[in-house]
Amino acid sequence: MTDNITELAQQRVVIENLRPRVEDGDYPAKVVSGWPVRVSADIFSDGHEVIAAAVVLDDGTEARMRHIDNDMWGADVRFGKPGPARFHVVAWRDVFATWRRDTLKKLGAQQDVSVELQELSIMLAGMKARRGEGDRIKALRSAARRGDMDTILSDETRDYMAANGPRASLTRSRGQEVRVSRERAAFSAWYELFPRSIGPGDRHGTFRDVIDHLPYVAGMGFDVLYFPPIHPIGQTNRKGRNNTLKAEPGDVGSPYAIGSPEGGMDALHPELGTMEDFEALIAAAAEHGLEIAMDIALNASPDHPWIAEHPDWFERRPDGTIKYAENPPKKYEDIVNFRYYLDHDVPNIPLWEAIRDLFLFWAGHGVLVFRVDNPHTKPFPFWEWLIADVQARHPDTIFLSEAFTRPKVMKRLAKIGFDQSYTYYTWRNTKEELTAYLTELTTENCRDYMRPNFFTNTPDINPIFNQTSGRPGFRTRVIMAGSLVGNWGMYSGFELCEGTPLPGREEYVDSEKYELKHRDFDDPASIRDDVTFINTLRRSEPAMKDFTNLRFFTAYHDEVLYYGRFDRHTGSYILFHVLIDPLRPAEFGFEVPLWEFGLPADASIEVKDLIHGNSFTWHARDHRLTLDPHTRPYAVWKLTPPGDTA
């Protein structure tokens with residue numbers, strides 16, 4: 001009992017609500033190598049002593065925290081190379097700072113401070129000088145004996161004692177793990193295409209054809225080029241065009257029905273090319289500033305080699321026949337299910353390791369970005385183990401979760417390791433919906449572990465808004481996707497405003513999942529200029545990187561989304577007006593957020609129109625603007641507050 005009292009008594013300073021922190025420290029928070037990370041906590045103690053606190057990193061370096069408001073303290077820290085890291089917070093009663101504060105008050109009241117000088121002498125006598133600082137301590141001890149208040153109360157002494165003085169009631173928080181990622185995990189622009197559709201004329205495309213297409217993708221400013229599965233496709237139950245149950249001669253089948261006598265997920269579709277061709281593509285992409293992302297779809301066709309080699313890796317019916325994939329009422333007759341657990345919840349470890357080895361295989365061939373198909377239909381423990389294992393060997397690996405499912409399931413996948421997450425952006429269309437969703441993503445606890453990737457569309461998803469909005473709607477969806485968050489993407493054809501649906505469905509007619517689709521990328525209706533504009537802006541303005549800096553502002557119109565991305569570290573301040581209605585113009589009033597710079601409502605601020613390039617001054621808070629969906633449905637401004645030379 002006495003030991004318990006002693007231990008409890010040492011925790012005199014309270015450290016609560018530490019952030020970033022995920023599930024009370026059960027999972028690592030996500031940070032980016034070299035980016036500033038705000039660490040905050042509520043810190044206080046009994047009594048009236050001066051409190052001090054610091055963030056302590058793995059290597060023992062400290063970043064002093066400052067009091068923000070209402071017992072909240074914070075500090076910005078930066079983490080090093082990708083991989084696991086930790087930090088904790090320490091807080092203490094600052095003995096000298098307390099003494100200095102109280103002594104200044106007594107001197108101000110013309111009271112005797114001889115006893116205080118004795119206290120200071122005792123304090124200094126107990127301090128051990130760091131190497132090379134013995135003379136400094138001796139000088140302070142001498143000043144205390146002489147009563148040299150100018151020296152004792154100087155700012156120089158204050159700063160020295162803050163760093164070296166005694167720390168009473170030193171309290172340490174629990175450690176928080178973080179996962180340090182490279183920048184592309186948090187800031188990337190994805191372009192998805194089917195390599196087989198890039199061939200000239202009606203020919204099946206190859207990796208070499210994609211190399212010829214790289215300047216087009218890079219020219220729009222993308223940095224990740226993502227392929228759906230590029231493995232051999234099965235023949236058994238192959239789907240025909242528009243997902244018909246019977247394939248006709250020449251039908252290419254769904255690339256998600258993986259596996260044939262030519263191999264499985266560690267092989268390449270023969271018509272696309274060889275491993276040498278693929279590695280040449282990876283090298284050529286890097287020369288264009290592009291990184292190749294692969295789709296790991298854990299789907300096996302009935303022709304997959306593993307079925308014969310490892311029959312216990314697949315789900316079977318009571319009669320022993322293999323079980324096909326289905327999501328009632330949908331059936332996927334060309335795909336069979338893996339068996340992740342054996343009887344009695346025993347993990348099928350050889351299967352887990354074989355799938356892990358697939359990621360390691362492709363990482364060994366230069367692929368470090370993976371989009372994972374439907375991870376929510378596989379066990380959480382499987383992903384938690386696999387991602388940790390792969391990233392321990394390849395710390396630069398990035399995993400994107402393609403899970404369009406319930407919110408808590410999506411967030412769980414992010415907690416257990418996925419670096420990026422598909423989102424509901426595809427279905428958030430109104431000002432109210434977008435504001436509420438982005439407020440959740442940027443201000444609630446999920447901001448510490450979930451990095452949203454705003455895809456405008458996918459081969460599976462042709463949202464109703466895109467079907468009905470025409471070219472103006474495609475332009476606004478691109479601008480918002482690229483400006484609201486750090487990661488965004490689009491599926492090839494979006495820049496050509498493709499939106500013709502299967503009647504009554506959120507799917508594309510003549511889906512590229514089941515046939516080759518050859519496009520005219522020089523179509524004058526293309527919105528590639530809008531795509532290039534937003535990607536160029538993202539790269540040039542530091543404010544566009546950390547999505548948690550998003551702020552919504554007041555525009556007096558229900559069809560205008562008005563928001564800003566502000567980075568005070570670099571002086572990058574960008575404002576966006578986006579007209580959501582693709583049919584009708586809007587004239588509206590809006591407020592310039594002068595208060596963000598500590599300016600009064602009648603102040604002025606310098607503005608640059610980033611679309612037209614002209615600069616001018618906004619005087620006062622209230623202004624008006626007109627946006628027309630048929631000319632340009634958005635406006636983008638860069639602000640320069642008074643005294644800022646940016």
Side-chain angles (χ1 to χ4, degrees), residues 32 181-195 197-198 205 207 209-228 230 278 281-295 366-371 396 398-400 402 419-423 425-426 451-459 461 466 474-498 512 517 519-523 526-542 544-545 547 565 636:
V32 178
S181 306
R182 58 187 172 115
E183 185 174 283
R184 190 153 288 172
F187 184 68
S188 58
W190 294 54
Y191 185 81
E192 177 181 3
L193 64 79
F194 285 73
S197 289
I198 302 300
F207 295 132
D209 294 325
V210 177
I211 291 176
D212 294 336
H213 196 61
L214 292 175
Y216 172 81
V217 179
M220 288 188 288
F222 290 101
D223 47 45
V224 177
L225 177 56
Y226 153 54
F227 301 147
I230 51 177
F278 183 63
L281 169 58
I282 292 174
E287 293 177 358
H288 285 84
L290 287 161
E291 189 167 358
I292 298 300
M294 284 185 61
D295 194 331
V367 178
L368 293 175
V369 183
F370 298 99
R371 180 266 202 189
D396 282 345
I398 296 170
F399 290 82
L400 167 61
E402 187 262 355
D419 299 282
Q420 298 182 15
S421 305
Y422 277 63
T423 66
Y425 171 68
T426 322
R451 298 189 183 112
N453 192 321
F454 274 16
F455 261 78
T456 58
N457 64 326
T458 78
I461 301 171
N466 294 355
F474 281 81
R475 299 179 76 192
T476 60
R477 297 303 289 184
V478 159
I479 294 300
M480 289 191 296
S483 62
L484 286 167
V485 289
N487 300 301
W488 84 285
M490 72 182 199
Y491 156 52
S492 180
F494 195 87
E495 72 271 34
L496 304 177
C497 304
E498 293 179 358
E512 194 172 1
K517 185 175 287 292
R519 298 178 170 93
D520 177 9
F521 291 103
D522 294 321
D523 188 327
S526 171
I527 62 168
R528 60 192 290 188
D529 287 349
D530 300 279
V531 177
T532 304
F533 168 79
I534 193 59
N535 279 336
T536 301
L537 177 66
R538 285 164 51 85
R539 290 184 175 181
S540 63
E541 288 295 336
M544 301 303 294
K545 289 187 175 181
F547 79 100
R565 300 285 300 275
V636 186

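Everything quoted here is computed from the prediction, not taken from an experiment.
- Annotation for A285 and L214: closest pair N-CD1, 3.6 Å, computed over non-hydrogen atoms.
- Inter-residue side-chain proximity for F227 and I230 is flagged as met; some heavy-atom pair is nearer than 4.5 Å.
- For the atom pair CD1 (I198) and CZ (F207), the distance works out to 12.0 Å, reported to the nearest 0.5 Å.
- In summary, of the residues considered (W488, Y216, F494, W190), a ring pair (Phe, Tyr, Trp, His ring centres under 6.0 Å) with F222 occurs for W488 alone.
- Using modelled atom types and a 3.5 Å distance limit, the side chains of D223 and S188 yield no donor-acceptor pair.
- Proximity of F454 to F547: side-chain heavy atoms (C-beta onward) are nowhere separated by under 4.5 Å.
- Atom CD1 of residue I282 and atom CG of residue L290 lie 12.5 Å apart, to the nearest 0.5 angstrom.
- The pair E495-R519 does not count as a salt bridge, with every side-chain nitrogen at least 4.0 angstrom from each carboxylate oxygen.
- Of all heavy-atom pairs spanning I398 and D419, the tightest one is CA-OD2, 3.5 Å.
- In this structure, the side chains of L225 and H288 stay at 4.5 Å or more apart for every pair of heavy atoms.
- Contact detail for N453 and G489: the closest heavy-atom pair is OD1-N, 3.5 Å.
- Side-chain contact annotation: Y491 with E512, donor-acceptor N/O pair under 3.5 Å present.
- We find that R371 and E192 are not joined by a salt bridge, their nearest charged nitrogen and carboxylate oxygen being 4.0 Å or further apart.
- Side-chain contact between I527 and V478: present, with at least one pair of heavy atoms (C-beta onward) separated by less than 4.5 Å.
- A cation-pi arrangement is present between R477 and Y425 under the rule of less than 6.0 angstrom and at most 45 degrees off the ring axis.
- Contact check for H213 versus P195: no side-chain heavy atoms found under the 4.5 Å cut-off.
- Looking at F474 and T456, their side chains never come closer than 4.5 Å, going by heavy atoms from C-beta outward.
- Contact record, Y191 with S492: OH-OG, 3.0 Å, taken as the closest heavy-atom pair.
- Minimum interatomic distance between A481 and V485 (heavy atoms only, all atoms of both residues): O-CG2, 3.7 Å.
- Between R528 and D522, at least one side-chain N (NZ, or NE/NH1/NH2) sits under 4.0 Å from a carboxylate O, which counts as a salt bridge.
- Taking each heavy atom of A186 and N487 in turn, the nearest pair found is C-OD1, 3.2 Å.
- With R538 contributing its side chain and M544 its backbone, the two residues share no donor-acceptor pair below 3.5 Å.
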